[in-house]
Amino acid sequence: MNVESFSQELLEAGKRFGYADMELYHERVKTFGCQLFQGEIDNYKSSEVSGVAFRGVFEGKMGYAFTEKIAEDSIPFLLENARENALIIEDEESEDIYSGSERYREQTYYSNELQQVSIQDQVRLLLDIERLILAYDERVTGTNYCMLQSSETERSILNSKGLDLKDLQNSLTLYISVIVKSGGHTKTGTYVKVTKNFHSLHPEDIAEQAAEEALRQLGSRSIRSRAYPVLLRNDMAAALIQTFSPIFSAENTQRGHSRLLDKVGASIGVSALNIVDDPSLPEGICSRNFDGEGFATQRLQIVENGTLLSLLHNRKTAKKDNTESTGHAHKSSYKGSVTVAPSNLYVEPAAKGHEELVSSIEEGVIVTHLAGLHSGANTISGDFSLAARGYYVEKGQIQFPVNQMTIAGNFYDVLRSIQDVGSDLEFSYPTAASGYIGSPSLLIEALSVTVE
Amino acid sequence: MLEKSIVEEVLGLALSSGGDFSEIFAEDRRTNNITLQSGRVEKSLSGRDFGVGIRVFKGFTSTYTYTTDSSRDGLLKAARNAAQAMSGSPSAQTQPFVTETISPLHAIEWNPMQVAKSGKVGVMKQAYEIAKNYHAAIQQVMVYYFDEEQNVFIANSEGKWIEDQRVRSRLIIHSTATDGHKVESGFYGPGAHKGFEFMKHLDLQHYAGEASRIAVTMLGAAPCPSGKFPVVIDNEFGGVIFHEACGHGLEATSVAKHNSVFSDRIGEKVAPDLVTYIDDGTLPNEWGSITIDDEGEKTRRNVLIEQGILKGYLIDRFNGRRMGMAPTGSSRRQSYRFAPTSRMTNTFIAPGESTPEEILGSTEYGIYAKYMGGGQVNTTTGDYNFAVMEGYLIENGKIGAPIKGATLIGNGPKTLQLVDMVGNNLAHGAGMCGSLSGSIPVNVGQPMLRVSEMTVGGTKGDE
């Protein structure tokens, strides 16, 4: 049974079942991936999956259900479960099916060029990278991971109010982890890139970056544990902001899970801080013309000169706050209900390059790696205490790598204690729930640093 | 779940270009997720996952394809894709199927798919009332309910034909407390390989009360000092430290490629005599329990470290080839979307002889980690980190003031050597573990124990 006839049958059966309005969200994802180990392909992976999310208004309330089995017997499963789910909902704000925005951007985020890259070329890239890494330095003993995955996602929304939207995306992810050993010490360095532009991936640069990331940690030493000025390198600044991006969601302010409740219009950060969410970035991994509810997306200035201008809304949270949706309804896949999440959210870059920021530090720490972001950060209170790696800086010069350390502080305080914003915008690894998040390097006045 | 003739055809086609082993994994899973906010049902979602994964080995190369299209054509296409990644002429043949019937180790009394959702909401509301009414400072309580019925079918070219059903239930209570300025939270998430009987017998008073008690306690907590201290880690979910510091490093995924800090060390003394570390998927109805793993291998009790000596690893079929070792019933995956690999089930430190009073009483100054948050490890370097959800200072052998924002960092093999007291109160806690083959339910467990020195990163600064 194909999806088109399944959809038609489902909508007709739904009407007979007693649903007022109904919507189908369909997604089809194709992936290819492979992993190398010592010059041999150790793992191949390919897939094609699709699924359908159904939601419908039953007795004035919205019910949800999904299935990956596109077959006759899934129709009663969806209709019955969604009805039961609708009937137990007690939320004061009812959801409805959206008839659509007046106008949608007609940008494409699908790279034909990427689609045409052959599997052989993808494997060759990995082989080149691994070979260059192993030859880079005698202290390199191997790779932990040398893998890539390309994927293509097609999604569509079809509803009984006449909405019929389609969208096609693709991207490629490269993940490299290098092992180096010297004097009984082992360190690893990682390189992660998600891109739509295959030809921007140069094996020499990637091998050097990954190997250096590991090698530069050798010979690490301890420093006194105390508060230091901390320069968060662009990718780590982005990772920290990604972890705390849920604070900008109106769903979380309404739950009391963000301290930005009632802060729209107020100053929440230094005047150099500007944060924007731009769903139309051509290279953005989370770019989209419509959101998870079919609402037209648009660029949103979230923070301007330190002042919070807007939270992220879907139609339900907007209704609760008496405002308009900002086009940030999010469906992680057909398996999720509608939540709120950023698209491509980033701190706008300023003037100084990374080197210039380093040279401005009298004494401090550069953070080049963070771990434990899922456990050491409390997105409600803003407190964080994270495992980190990086360098000790004195008189504007990097002195030596530092042993594993923790950096601790409060994210809300960090926004108010950014001393300088760099020019080197970089994005972190995107996740469905927290979006594609970018930042330039950020110099923070002080964080508590504890060193092993 | 699938027809025998099609399975045979698929496994044969998968071997058509030189593969020496092929396997098919089919999954039909139903799930229910309900969210209660401010005492009202805010979200309720039900669904059915249905897909098939096909795996082929050729020596040390493995390919995996998966699809939601379980028609004959869809499966043959997936098998062809899997075979295409290899090159060669057929060398292996499929063996006739021998149906294995298993006696389930984890009996289910009340399948949650037979329970009205209103009944599930009833339990959630009871938990909400208990948590909300715990203290005036409780501002918000979220209650999450989850249940699933996962039916799996596994067959392979060596003639395996086996089916299993896993039923799991979990309730998560998340309380936030405020004093008008600060906001703190507390969390408890008990789960089991059980049906709705789990919810009916659950001590809601305890779990919902604890979630709120933690949130309220943390409101009065001072920033944690930084430095190196003895750390007493309480039982149950405290076991997450060894899950990170040593469990992941014992998985064949990193051991097979000699990338783990524990590679090639069987028979070595890796911990003090006090430490025995076990992974046991057969514990009746525990959250991380399974009857067979996702390759169709029966689960068992795997002693990993016995009185300080490294005894074994957690091994899946593919990595077992590289290691020349037999699988240990440890091959798991989140769903058909992941090739299975060696993972933990219920992993715990065996009980010792000290009483909790003795452990705390003999600690002059240090940190008492009552409830742990999650953590992470780099299995190549052994460096780990994890968060303390509810912590206290220990002063003169007594539990002192609560502290917040503590993260513990260290190196797995080194920390293991520093365990100097092991308590007698073993307990297990439920969690989700994320790794190569996705996010899977696991238990972590331990009795109360002490590590003589750990690096504690807090916000207060140097002591």
Side-chain angles (χ1 to χ4, degrees), chain A residues 37 40-51 63-70 74 77 81-82 84-85 88-92 142 144 179 186-188 224-227 255-257 259 335-337 371-372 374-376 378 380-381 383 385-387 404-409 448 450 452, chain B residues 34 37 40-51 60-69 81 85 116-118 121 139-140 142 176 178 182-185 226-227 257 259 337 339 373-376 378 380-381 383 385-387 404-407 409-410 455-462:
Chain A
F37 181 64
E40 302 279 338
I41 290 164
D42 138 274
N43 238 308
Y44 263 110
K45 206 170 156 184
S46 77
S47 73
E48 188 166 346
V49 299
S50 84
Y64 288 83
F66 70 84
T67 186
E68 289 182 332
K69 192 168 192 193
I70 311 290
S74 285
F77 170 80
N81 274 283
E84 205 186 349
N85 286 331
I88 61 171
I89 292 288
E90 299 162 302
D91 206 10
E92 62 228 318
N144 260 346
I179 307 171
T186 303
K187 302 282 178 184
T188 60
R224 216 189 119 207
S225 295
R226 63 171 178 85
R255 279 179 181 165
H257 285 185
R259 281 168 53 186
K335 293 191 191 182
S337 55
H374 69 296
S375 55
N378 183 331
I380 297 176
S381 67
D383 289 333
S385 176
L386 304 165
Q404 185 175 220
M405 54 189 162
T406 65
I407 58 161
S448 180
T450 307
E452 248 199 306
Chain B
I34 310 174
Q37 179 187 343
R40 296 171 179 188
V41 177
E42 186 209 25
K43 281 178 185 165
S44 180
L45 183 66
S46 309
R48 182 176 184 189
D49 293 22
F50 192 96
F60 293 154
T61 298
S62 146
T63 72
Y64 191 68
T65 57
Y66 59 92
T67 178
T68 47
D69 182 356
N81 283 341
K117 285 172 182 142
S118 53
V121 171
Q139 174 196 33
Q140 172 70 273
M142 304 283 298
T176 48
T178 184
K182 284 182 290 183
V183 185
E184 294 293 342
S185 54
S226 307
K257 293 180 178 170
N259 284 343
R337 293 178 180 224
Q376 201 178 355
N378 177 331
T380 301
T381 61
D383 288 344
N385 65 80
F386 57 101
K404 65 169 184 176
T407 288
I409 58 170
T455 302
V456 181
T459 42
K460 191 182 166 194
D462 212 357

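These numbers were taken from a predicted model, which means no experiment stands behind them. So that the names make sense, note that chain A is the first sequence line, chain B the second, and so on, each numbered from 1.
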* Taking all non-hydrogen atoms of both residues into account, name the closest pair between Gly405(B) and Ser385(A) and its distance. =>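 Closest approach of Gly405(B) to Ser385(A): O-CB, 3.4 Å.
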* To do: Determine the minimum heavy-atom distance between Phe50(B) and Glu68(A), stating which atoms define it.
  =>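 That closest heavy-atom pairing would be N-OE1, 2.8 Å.
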Side-chain donor or acceptor of [X] paired with backbone N/O of [Y] under 3.5 Å:
| X | Y | result |
| --- | --- | --- |
| Thr450(A) | Ser226(B) | no |
| Thr455(B) | Glu452(A) | no |
| Gln376(B) | Gly372(A) | yes |

* Chi angles and distances behind the salt bridge (Lys or Arg N to Asp or Glu O under 4.0 Å) call for Arg40(B), Asp91(A) -> CA-CA 6 Å; Arg40(B) 296 171 179 188; Asp91(A) 206 10; 5.6 Å; no
* Option among Thr380(B), Thr381(B), Asn378(B), Asp383(B) that satisfies the side-chain hydrogen bond (donor to acceptor under 3.5 Å, both in side chains) test with Thr188(A) -> Asn378(B)
* Mark yes when over 12 heavy atoms from residues, nucleotides or ligands other than Glu90(A) sit less than 6.0 Å from its CD; otherwise mark no. =>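 Yes, enclosed.
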Considering only heavy atoms, which portion of [X] lies under 4.5 Å from any heavy atom of chain A: side chain, backbone, both, or neither?
| X | value |
| --- | --- |
| Val121(B) | side chain |
| Phe60(B) | backbone |
| Gln37(B) | side chain |
| Lys182(B) | neither |

* Close side-chain approach of Thr68(B) and Lys69(A), heavy atoms under 4.5 Å ->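 No, every pair of side-chain atoms sits at 4.5 Å or beyond.
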* Can you tell if the side chain of Phe77(A) reaches within under 4.5 Å of the side chain of Arg48(B), non-hydrogen atoms only? ->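 Counting from C-beta outward, Phe77(A) and Arg48(B) do come under 4.5 Å.
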* Structure fact -> Highest number of heavy-atom pairs under 4.5 Å with chain B among Met405(A), Lys187(A), Arg259(A), His257(A) belongs to His257(A)
* Asked: Lys45(A), Arg255(A), His374(A): which one forms the most heavy-atom pairs within less than 4.5 Å of chain B?
  -> Arg255(A)
* **Lys43(B) charged N/C atom sitting above Tyr64(A) aromatic ring, 6.0 Å / 45°** => no
* To do: Please flag which part of Asn43(A) lies under 4.5 Å from any non-hydrogen atom of chain B: side chain, backbone, both or neither.
  => both
